[in-house]
2 protein chains.
Amino acid sequence: MALEHAILVSLLEKPGSGYELARRFERSIGYFWTATHQQIYRVLRRMESDGLLAVRELPQQSRPDKKEYSVVGPGRAALSRWLHESIQPESMRHDLAVKIRGAAFDDPSVLVREVERHRQVHSERLAHYLAGEQRDFTGPAAPPSLDAAQELQHVVLRGGIAYERMTIAWLDDVLDTLRRLGTAEPHA
Amino acid sequence: MALEHAILVSLLEKPGSGYELARRFERSIGYFWTATHQQIYRVLRRMESDGLLAVRELPQQSRPDKKEYSVVGPGRAALSRWLHESIQPESMRHDLAVKIRGAAFDDPSVLVREVERHRQVHSERLAHYLAGEQRDFTGPAAPPSLDAAQELQHVVLRGGIAYERMTIAWLDDVLDTLRRLGTAEPHA
DNA sequence: CTTGGCTATGCAACGAGTTGCATAGAAAGA
DNA sequence: TCTTTCTATGCAACTCGTTGCATAGCCAAG
């Protein structure tokens with residue numbers, strides 16, 4: 001149940017509402033974790049009733065009220081406990097790879113479009129990460145010296161960048177292979 | 001619901017029992033998809049009752065009977081349909097990255113051991129993949145020319161290799177960062 | 001002026017995935 | 001001999017995660 005921990009980290013970095021968390025999960029935290037707003041609201045309520053979080057109701061005009069969550073003592077302790085546990089290395093879950101192997105039982109060339117589309121998405125993500133890196137860490141507007149939290153955010157972002165670069169290179173390899181098979185063995 | 005599709009691909013590559021599938025999911029298919037035997041048995045039963053698979057009961061002596069599943073017409077059609085659909089590019093779910101960002105709120109050096117352990121696991125996986133590549137595709141015992149299915153298996157395996165190499169390099173980067181922070185700012 | 005998007009939260013239902021347990025005989029190692 | 005491991009399947013209970021829907025007022029674009 002690492003969604004809880006991802007939420008703790010995100011709220012320690014900055015308190016916020018469920019809605020705000022959901023948006024963060026589409027951006028920075030979402031580089032390596034995703035969740036829908038449903039998931040987030042449900043877990044937030046549970047974490048609050050477990051005493052890991054505190055809520056503050058912020059009435060807003062012309063907008064629904066907002067519940068701002070922040071981490072309290074037991075939440076911080078829970079995160080610390082988790083950091084000292086060991087987790088098992090993640091295992092992949094890569095639909096596209098399943099499709100690629102499956103293409104052997106159909107026409108491989110039907111996947112060319114799909115793989116191109118994925119390549120496009122990963123290119124955009126890479127550009128987005130690189131822009132973020134410039135903005136926050138390596139560009140002229142970035143702070144001249146970084147604290148520990150920023151250093152760690154940067155190394156995670158470098159992981160995201162490395163992942164996208166690797167993925168793009170691999171998808172090019174896949175496209176070459178699919179096109180080679182397409183011309184060599186035209187299917188029905 | 002891509003587990004269904006992963007099972008279809010695996011059974012098209014070679015019919016087998018739930019138990020055998022579970023073992024494959026620890027090896028080749030498992031490079032990019034995982035499932036427990038529970039998951040697999042349950043889905044197999046559903047797929048069979050949906051008419052996607054056929055079962056053959058193989059009585060065995062001194063061993064529980066085995067149910068060998070194979071893909072039948074509608075199963076093949078379901079796979080083909082799925083191949084023509086588009087799927088959304090996967091999104092990460094990387095516990096370790098959550099931990100790394102979380103380490104800012106504790107002592108970063110507690111993660112060194114953990115990251116080293118993950119690095120070790122990924123090194124072993126890389127060695128395992130490279131051995132498999134030698135055996136099946138690039139070594140002297142590999143078939144001299146490959147059919148489409150083998151080409152596609154190979155390009156997926158190359159993806160696994162690229163992934164592991166990238167991950168190992170990134171974990172080295174993480175270790176450098178953690179160690180730098182550990183000496184620069186010794187915590188309580 | 002109407003459609004769609006944004007903020008903000010939530011219910012209900014479902015499907016996906018994990019964990020613990022159970023059975024049961026055979027072979028291999030301590 | 002005793003314990004563990006392997007083959008082979010399965011139930012029950014649970015948590016995790018997704019999808020569709022609902023509310024509700026505001027703002028911007030067509």
Side-chain angles (χ1 to χ4, degrees), chain A residues 1-7 15-27 29-30 32-50 53 55-69 82 85 87-88 90-95 98, chain B residues 1-8 15-27 29-30 32-50 52-53 55-69 78 82 85 87-95 98:
Chain A
M1 193 195 308
L3 176 56
E4 258 190 26
H5 302 113
I7 286 176
S17 68
Y19 188 82
E20 282 162 1
L21 279 172
R23 321 224 60 220
R24 287 185 215 171
F25 274 67
E26 287 165 12
R27 302 183 312 102
I29 289 277
F32 47 82
W33 203 271
T34 42
T36 60
H37 72 275
Q38 298 305 336
Q39 221 8 41
I40 291 166
Y41 283 125
R42 203 188 313 155
V43 173
L44 281 173
R45 258 176 280 138
R46 192 187 58 214
M47 290 171 77
E48 198 245 318
S49 83
D50 288 351
L53 302 179
V55 210
R56 220 163 38 113
E57 299 252 354
L58 299 181
Q60 303 187 116
Q61 62 243 45
S62 82
R63 215 145 275 236
D65 289 1
K66 184 198 283 201
K67 293 184 182 174
E68 198 191 59
Y69 289 90
W82 180 65
E85 279 167 25
I87 54 178
Q88 70 217 40
E90 30 49 89
S91 35
M92 312 257 68
R93 195 142 291 203
H94 206 309
D95 299 61
V98 177
Chain B
M1 194 194 309
L3 175 56
E4 257 189 28
H5 302 114
I7 286 176
L8 286 172
S17 68
Y19 188 83
E20 282 162 1
L21 279 172
R23 321 223 60 221
R24 288 185 215 171
F25 273 66
E26 286 165 12
R27 302 183 311 105
I29 290 276
F32 47 82
W33 203 271
T34 43
T36 60
H37 72 275
Q38 299 304 337
Q39 223 7 43
I40 290 166
Y41 283 126
R42 203 190 310 155
V43 173
L44 280 174
R45 257 175 280 137
R46 192 187 59 215
M47 290 170 77
E48 198 244 316
S49 83
D50 289 351
L52 306 180
L53 301 180
V55 210
R56 218 163 39 111
E57 300 251 354
L58 300 181
Q60 303 187 113
Q61 62 245 48
S62 82
R63 216 145 274 240
D65 289 1
K66 183 197 285 199
K67 293 184 184 174
E68 198 191 60
Y69 290 89
W82 180 65
E85 279 168 24
I87 53 177
Q88 71 218 41
E90 28 51 85
S91 36
M92 312 257 68
R93 193 140 293 201
H94 207 310
D95 298 63
V98 178

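Just so we're on the same page: letters track the sequence lines, and every chain starts at 1.
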Can you tell me how far [atom2] of [N] sits from [atom1] of [X], to the nearest Å?
X	N	atom1	atom2	result
A/Lys66	C/dG10	NZ	C1'	17 Å
A/Asp95	C/dA16	CG	P	12 Å
A/Arg23	C/dC6	CZ	C1'	8 Å
A/Leu3	C/dT18	CG	P	16 Å
B/Leu21	D/dG10	CG	C1'	16 Å
A/Phe25	D/dT18	CZ	P	11 Å
A/Glu26	C/dC6	CD	P	10 Å
A/Glu48	C/dT9	CD	C1'	14 Å

Looking at [X], I'd like to know whether one of its side-chain N or O atoms comes within less than 4.0 Å of OP1 or OP2 on [N].
X	N	result
B/Arg93	D/dC16	no
B/Ser17	D/dT9	yes
A/Tyr19	C/dT9	no

The helix from C/dC1-D/dG30 to C/dA30-D/dT1: angle between end helix axes, five pairs per end, rounded to 10 degrees: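 Rounded to the nearest 10 degrees, the bend comes out at 40°.
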So do the side chains of [X] and [Y] get within less than 4.5 Å of each other, counting heavy atoms only?
X	Y	value
A/Ile7	A/Phe25	yes
A/Asp95	B/His5	no
A/Leu21	A/Arg24	yes
A/Trp82	B/Val98	yes

- request: Please tell me which of the listed nucleotides, C/dG17, D/dT7, C/dA16, lies nearest to the side chain of B/Arg46?
  value: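 The closest nucleotide is C/dA16.
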message: Applying salt bridge (charged side-chain N to carboxylate O under 4.0 Å, His left out), can you list everything that pairs with A/Lys66, at least two apart in sequence or on another chain?
response: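 A/Lys66: salt bridge (charged side-chain N to carboxylate O under 4.0 Å, His left out) contacts with A/Glu20.
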task: Using the test salt bridge (charged side-chain N to carboxylate O under 4.0 Å, His left out), find all partners of B/Glu68 that sit at least two apart in sequence or belong to another chain.
output: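 Partners of B/Glu68 by the salt bridge (charged side-chain N to carboxylate O under 4.0 Å, His left out) criterion, ordered by chain and then number, come out as B/Arg56.
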All side-chain hydrogen bond (donor to acceptor under 3.5 Å, both in side chains) counterparts of A/Arg46, not counting sequence neighbours: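 side-chain hydrogen bond (donor to acceptor under 3.5 Å, both in side chains) check on A/Arg46 returns A/Glu4.
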message: Going by the rule side-chain hydrogen bond (donor to acceptor under 3.5 Å, both in side chains), which residues pair with B/Glu90 if we only count those two or more places apart in sequence or in a different chain?
response: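 side-chain hydrogen bond (donor to acceptor under 3.5 Å, both in side chains) list for B/Glu90, sorted by chain: A/His122, A/Tyr163.
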message: Rounded to the nearest 0.5 Å, what separates atom CG in B/Asp65 from atom CD in B/Glu57?
response: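 Reported to 0.5 Å precision, the distance equals 6.5 Å.
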- prompt: Listed in order of residue number, which residues of residues 32-45 of chain A have a non-hydrogen atom at under 4.0 Å from DNA chain D?
  reply: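 By residue number: A/Thr36, A/Gln38, A/Gln39, A/Arg42.
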